[in-house]
Amino acid sequence: MLRPLIAVLLLCSVARAAEPERPAPPPTPPVPPRILFVPEAERPVELKRLEVRALVHGMLAETTTTLVFHNPNRRVLEGQLEFPLPPGATVSGYALDVGGQLVDGVVVPKEEARIAFEKEVRKGVDPGLVEHVRGDRFRTRIYPIPAGGTRTVQVRHMTELAVREESAGYRLPLPFGVLPEASVRIEVVRGPAAPPRFSGGFGKLVAVRANESWVAEQRLQDARPGADLVVELPVRQEPSVAVGCRAEGECYAMVTDLPKLPPPGAPLPPPRRLGIVWDASSSRAGDHQRELAFLQQLLARWPAAEVKLVVVRDQAEPARVLAPQALRDELGQVIYDGGTGLGALDLASDKTVGAWLFFSDGLGTVGASLPRTGSAPVYAVVDGAGADTAVLRHIAANGDVIDLAHEEVERAVARVVSPPWRLLRVEADGASLADVLPRAQPITGPVTVAGRLLASKATLTLVYGAGSQEVARRSVTVSRAEAVDAPHAALAWAQRRIAELSALPVEHAQELTALGRRFGLVTPGTSMLVLENLEQYLEHDIEPPASRAEMRAQFLAQRAERRKAEQQGKQAKIDEVLAMWRERVSWWETEFKVSPDFGSKEKPKKSASARMEGEERQMSESEAREMDRDDSVGAGAAAPPPSAAAPVARNAEPAKKAPDSGGNESSIAITEWNPETPYLQAMRAAGAQKAYAAYLKARGDYANNPAFLLDCADFLLKGGQRPLGLRVLSNLAELRIEDPALLRVYAWRLQQAGELDTAIRVLRGVLRLRPEEPQSYRDLALAISLRGEGSRSVPDLEEAMGLLTQVVMKTWDRFPQIEVIALMELNRLLAIAERLQAGGPPARCELDARLRKLLDVDVRIVLSWDADLTDVDLHVEEPTGETANYGHNRTEQGGLVSRDFTQGYGPEEYVLHRALPGTYTIRAHYYGSRQQTLLGPATVTATVITRFGRPGEQRQVLTLRLEGAKDLVEIGKVRIGKLQ
């Protein structure tokens, strides 16, 4: 059953910089919540109660936001909240109400958490999940929000205060409209002598002294916030030190210093040439007035500088040298389209560039995410929330990151023209104080560093200056004897380490996961998961939270038995695969014969239930609908059991073998996929030279429709406009960050376009995102094998075989008998690798020897699709008139159709060892879907191969879209033998 999805933007989790030296300016109105309606959801989900608790420790603030949502509709809904956090912030807590009580989330490796969540989704008993998306974006998913009822979610995050000169600021954005209930509590722990100052919020907020802290709180009904709540704090002139020790004995020290430095020297001499990188990907479409104003003011300070402009989308355009006065006009005409290929940039080779301005959100979606940088300083300029600040900091390591959303243009220009002093380094004895972070940074206010305290006492020295010039030093001693209950010191260090590693999350995946689990934080490698009962925790091998002590004790007692059963299951898996493979080998070795008059007489139709009779299937609820299918397609003889060979007819003749090569003995004709849509009609009418302009004109109405992007990209690629076609196609990676279905289709199209290296990079990402699905291994294996075959690379073939071996040997809950399909492909690759290695060492393949046998066939057809919980069927009409499909999976001449996958992705396979001469018509039948996706019904890829596993193998691939349920679309025809 489809569940409506209501996407709600969490407005109260974003912190922005305060304006300490003057009253806070009116906030820019945040984007209203984007709500995806369904027909049954007449009214949006309402925020009924908001509770905010902020705890400020030194320069670190911990914000706990509790939201109670009310569903005024008559139907159960699912909620998805996606929210940006301040740069470098991390989610440190998550809870969801279960049975009327808030239950804490457990930190779990990201993929394990998602797999558990989605498995529970398919059962209809969903947990809660909060995960890192990309950059500073996080997402939480909640189900159910009962009809007419409420659901409570709590998110806690840690962030550093924004600093400027001698003040620190904390800003709490508040939602629009009337809140039936609202409460706010701000506590400044061991705060300065002067109380904090408040502005905005729900009205007057006054701090009172409580022991050594300042506390201010409000409770309101029918509250309407006038502006964001801003808290301003003075910063101590002397260094402040916090030392905290964790339960396991590790101690961490945090030092905050407000250095007294001389004014910066004279402005830097303007560079003779200023490099500008302008990210023109589709995610950057919007208002760039602040960026253009920044450029205009900077170039007014550097009027003699020559400008080198590099526009980057999925690829970097050739650099152009411009006069400063021409730059604004040039940028005003930029087209925002395509993915973001930051790795295509080279900022190091042109030694004439004195400084680079890097305008981007840092969210690389195509290829490598980091450009090549050199010695010239890089200033990364960003305007808005949701950027990948870890990547931008890495790129601007010898420059600065400038956020125009939080800083006036004039101040930002001054930071480039007259760069502030920097923390050059931190000097400390590594035996007593290790891993001090950050190692260097520009100084715009107080400086906070944190490190691991390894001895009873340690001294660190902060060195300030610019380049090789030192202008000041400050030495501070930290001691375990001063340790107090200060968990924020450890979290401050963990946050900095996570921010440092997050620029390259794949390369640092293990450490990011370890940090998240150790400190209880959501990172690129960890998520927080709430499960409802003991059975769920046991099934997914996830330890319940400490707050559920009784359940945790039961879990620990029962987990050992579970693990013992899993070990026994591994041997059972091997036996199961051997049985399946022996059955396929038996089919391949059988000599099928066909009566001479077979197909000349009309055969009576048989009901679906009759066709299914005797077939060894495990009927799940999702498969039970097979019994009710329309029998108007694919009628034929009753299917024998998979283990039985087709009977041999009297006076029959053996099926003829298709020749291995030569002439017109076999051919593949793919049906042209040519959807009739208004935008394609407009592109055709515009002609080749103006087709891209016609696409841009239509994009406003279809920009979020993947089918539009696929169709337009195909049109441009077929029309010979390859760079533009690939650019349009790359929008799929930008449309929704890290969406596996979109990325899978993107990779399929890249393979068809011959862009194998890019396709492989994309599919490696899909495997990271969906390691629990066998299709992720298989798709990547097939792409790597194509490259390996073309380049005769045995290492590529060995990697592909390793991936397919995992498909064979892992356990897959929803895709029975996919192992046989992988074994067909794996044995073919093994044969190719052995031919290439003739006379040398054997190709590396860990496949059990009992599973090694090349099953070559005359015809092999494989159908895959992009959507989960979606059923697409392969139909092949043979020259005899008999149609092979899910319900008639064996034909008279030996055609075999693999197990029907009703829950998504495929593949479904048709194989024929010895083919009769004639025409084989291939069709795809879209049965239906039980999910809503960005892609619509289903995007299908069909691979048609003749002479599979033999010299002279031929293959064709088509990707098409099935528009509506019950569609039966012809994919193509295979012609075998000399036709009359």
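These values consider heavy atoms only, across backbone and side chains, with no hydrogens, waters or symmetry-generated copies.
Between Val310 and Ala319, the shortest heavy-atom contact is CG2-CB, 3.8 Å. Considering every non-hydrogen atom in both Pro740 and Val766, the closest pair reads O-CG2, 4.2 Å. In plain terms, the two heavy atoms of Tyr336 and Arg699 that are nearest each other are O-NH1, 2.6 Å. Looking at every heavy atom in both residues, Met683 comes nearest to Cys712 through SD-SG, 3.6 Å. The shortest heavy-atom contact between Tyr379 and Arg415 is CE2-O, 4.3 Å. The minimum heavy-atom distance linking Asn398 with Gly374 is given by the pair ND2-O, 3.6 Å.
Under the 4.0 Å criterion applied to side-chain N and carboxylate O atoms, Glu111 and Arg768 are not assigned as salt-bridge partners. Using a 4.0 Å cut-off between charged side-chain N and carboxylate O, Arg684 and Glu676 make a salt bridge. Under the 4.0 Å criterion applied to side-chain N and carboxylate O atoms, Glu799 and Arg764 are assigned as salt-bridge partners. A salt bridge is defined here as a Lys NZ or Arg NE, NH1 or NH2 lying under 4.0 Å from an Asp or Glu carboxylate O, and Glu500 with Arg393 fails to meet this definition. With salt bridges taken as basic N to acidic carboxylate O contacts below 4.0 Å, none links Arg770 and Glu738.
Inspection of the Ser282 and Asn731 side chains reveals an N or O donor paired with an N or O acceptor under 3.5 Å. Side-chain contact annotation: Ser864 with Gln775, donor-acceptor N/O pair under 3.5 Å absent. For the 3.5 Å distance criterion, the side chains of Arg273 and Thr352 qualify, holding a donor opposite an acceptor. At a cut-off of 3.5 Å, with distance as the only test, no side-chain donor of Tyr692 or Gln721 sits close to an acceptor on the other residue.
Around the NZ atom of Lys718, the shell of radius 6.0 Å holds more than 12 heavy atoms that belong to other residues, nucleotides or ligands. The environment of CD in Gln689 is sparse: at most 12 heavy-atom neighbours from other residues, nucleotides or ligands sit within 6.0 Å.
For the atom pair CD of Glu755 and CG of Leu717, the computed distance is 9.0 Å after rounding to the nearest 0.5 Å. Rounding to the nearest 0.5 angstrom, the gap separating the OG atom in Ser349 from the CG atom in Asp346 is 3.5 Å. Atoms CG and CG, from Leu392 and Asp403 in turn, are 9.5 Å apart once rounded to the nearest 0.5 Å. In this structure, CG on Leu512 lies 10.5 Å from CD on Glu507, to the nearest 0.5 angstrom. Atom CZ of residue Arg372 and atom CD1 of residue Ile395 lie 14.5 Å apart, to the nearest 0.5 angstrom. Between His394 atom NE2 and Leu370 atom CG the span is 5.0 Å, to the nearest 0.5 Å.
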Subject >> Stepwise side chain to side chain contact (heavy atoms under 4.5 Å, CB included) check, Val311 with Arg320 >> reply: CA-CA 9 Å; Val311 175; Arg320 288 170 291 164; 3.8 Å; yes
**OP:** With side chain to side chain contact (heavy atoms under 4.5 Å, CB included) as the test, would you mind laying out the steps for Thr943 and Leu958 before giving the verdict?
**Re:** CA-CA 7 Å; Thr943 303; Leu958 172 71; over 6 Å; no
Original post:
side chain to side chain contact (heavy atoms under 4.5 Å, CB included) between Leu743 and Leu732: does it pass, once the steps are laid out?
Top reply: CA-CA 7 Å; Leu743 292 176; Leu732 290 173; over 6 Å; no
Original post:
Going through the distances and angles, do Leu726 and Leu750 end up as a side chain to side chain contact (heavy atoms under 4.5 Å, CB included)?
Top reply: CA-CA 8 Å; Leu726 292 174; Leu750 287 169; 4.1 Å; yes
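At a threshold of 4.5 Å between non-hydrogen side-chain atoms, the residues Leu404 and Glu291 count as touching. When side chains are defined from C-beta on, Trp356 counts as touching Val353, because their heavy atoms get closer than 4.5 Å. Side-chain atoms of Val969 and Thr671, non-hydrogen and from C-beta on, never get closer than 4.5 Å to each other. Residues Ser730 and Tyr746 form a side-chain contact, since some pair of their non-hydrogen atoms from C-beta on lies under 4.5 Å apart. Side-chain contact between Thr389 and Val401 is absent, with no heavy atoms from C-beta onward closer than 4.5 Å. You'll find the side chain of Ser281 stays beyond 4.5 Å of the side chain of Asp314, heavy atoms only. A heavy-atom distance below 4.5 Å is not found between the side chains of Glu131 and Phe117. Counting only heavy atoms from C-beta outward, the side chains of Val277 and Leu347 approach each other to under 4.5 Å.
Put simply, the side chain of Thr523 gets close to the backbone of Thr526: a donor and an acceptor are under 3.5 Å apart. Between the Asp383 side chain and the Arg290 main chain, no donor and acceptor come within less than 3.5 Å of each other. Using modelled atom types, one side-chain atom of Lys110 and one backbone atom of His132 make a donor-acceptor pair closer than 3.5 Å.
For the pair Arg313 and Trp278, the cation-pi criterion (under 6.0 Å, within 45° of the ring axis) is not fulfilled.
Checked against the 6.0 Å centroid threshold, Tyr695 and Tyr679 do not count as a close aromatic pair. No close placement of the Phe294 and His288 rings is indicated, their centers lying 6.0 Å or farther apart.
Across Thr941, Thr758, Leu763, a single residue satisfies side-chain contact (heavy atoms from CB on, under 4.5 Å) together with Gln751, and that is Leu763.
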Result block: side-chain N/O donor-acceptor pairs under 3.5 angstrom for residues 357-365, not counting sequence neighbours:
{"residue": "Ser360", "atom": "OG", "partner": "Asp279", "partner atom": "OD2", "Å": "2.9"}
{"residue": "Ser360", "atom": "OG", "partner": "Gly362", "partner atom": "N", "Å": "3.0"}
{"residue": "Asp361", "atom": "OD1", "partner": "Leu363", "partner atom": "N", "Å": "3.0"}
{"residue": "Asp361", "atom": "OD2", "partner": "Ser283", "partner atom": "OG", "Å": "3.4"}
{"residue": "Thr365", "atom": "OG1", "partner": "Thr340", "partner atom": "N", "Å": "2.9"}
{"residue": "Thr365", "atom": "OG1", "partner": "Glu734", "partner atom": "OE1", "Å": "2.6"}

